[in-house]
Amino acid sequence: AGAKDDTFNVLDLAEYTKNRPWWRKIFAPNSGSSAEKYNVATQLVIGGVTGWCTGFIFQKVGKLAATAVGGGFFLLQIANHTGYIKVDWNLVQRDVNKAKQQLKFHSSGSKMPPEVKSRADEVIIFLKKNVILTGGFAGGFLLGMAS
């Protein structure tokens with residue numbers, strides 16, 4: 001019986017996906033910029049509507065968060081004034097100094113890590129390719145924040 005010589009090509013998925021932008025991994029391999037798919041009016045409408053929704057929600061959540069933080073701070077001040085809680089200021093000062101030292105240590109190397117730099121480059125490329133959609137989103141976001 002003759003032996004077959006089977007040869008297989010091995011595809012390393014880790015290497016394959018490393019060189020592909022994240023939005024192409026999520027949407028589709030042939031998914032390009034929105035400028036290739038939609039006309040200018042459609043891009044502006046999509047960007048504006050999603051931006052307005054995001055801005056509106058961001059505004060409401062921001063007000064809620066500010067109210068919660070302010071109310072919590074107010075309650076802590078009342079509890080401190082009435083004697084329910086006592087603050088060990090020496091311990092607070094020691095922890096703050098320790099945090100300052102750690103921040104100085106981490107910020108001494110001001111060079112950006114390569115992972116962050118590559119992600120920032122991907123975002124810049126995405127924004128350049130989809131400038132109309134991004135502009136619509138920014139305008140809609142500002143309108144949503146104002147309403």
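Just so you know, these numbers use all the heavy atoms, side chains as well, and skip hydrogens, waters and symmetry mates. Numbering starts at 1 and runs along the sequence shown.
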Legend entry - side chain to side chain donor-acceptor pair (under 3.5 Å): pairs with one or both residues in residues 131-144, sequence neighbours excluded: none

Inset, instruction - For residues Leu64 and Lys60, determine if any side-chain heavy atom of one lies less than 4.5 Å from a side-chain heavy atom of the other. - result: no

Legend entry - Sequence neighbours excluded, every pair satisfying side chain to side chain donor-acceptor pair (under 3.5 Å) that has a member inside residues 69-86: none

Legend entry - Side-chain cluster (under 4.5 Å, hydrophobic types only) that Val40 belongs to, other residues: Leu44, Val131, Ile132

Legend entry - Remaining members of hydrophobic cluster (4.5 Å side-chain criterion), Val45: Val49

Legend entry - Side-chain cluster (under 4.5 Å, hydrophobic types only) that Leu91 belongs to, other residues: none

Legend entry - Approximate separation, where rounding is to 0.5 Å, of Gln93 CD and Asn97 CG: 4.5 Å

Inset, instruction - Using the test side-chain hydrogen bond (donor to acceptor under 3.5 Å, both in side chains), find all partners of Thr50 that sit at least two apart in sequence or belong to another chain. - result: none

Legend entry - Taking every non-hydrogen atom, the tightest pair across Met145 and Gln59: O-NE2, 3.3 Å

Inset, instruction - Sequence neighbours left out, what passes ring pair (Phe, Tyr, Trp, His ring centres under 6.0 Å) with Phe56? Give chain and number order. - result: Trp52

Inset, instruction - List for me each residue that meets side chain to side chain contact (heavy atoms under 4.5 Å, CB included) alongside Asn90, sequence neighbours excluded, and say none if there are none. - result: Asp88

Can I get a per-line list of side-chain donor-acceptor pairs under 3.5 Å for residues 135-142, giving both atom names and the distance, sequence neighbours left out?
none

Legend entry - Those residues that, when tested against Val61, pass side chain to side chain contact (heavy atoms under 4.5 Å, CB included) (two or more places apart): Ile57

Legend entry - Side-chain cluster (under 4.5 Å, hydrophobic types only) that Val96 belongs to, other residues: Val87, Trp89, Val92

Legend entry - Point-to-point distance, once rounded to the nearest 0.5 Å, from CG of Leu127 to CG of Leu133: 9.5 Å

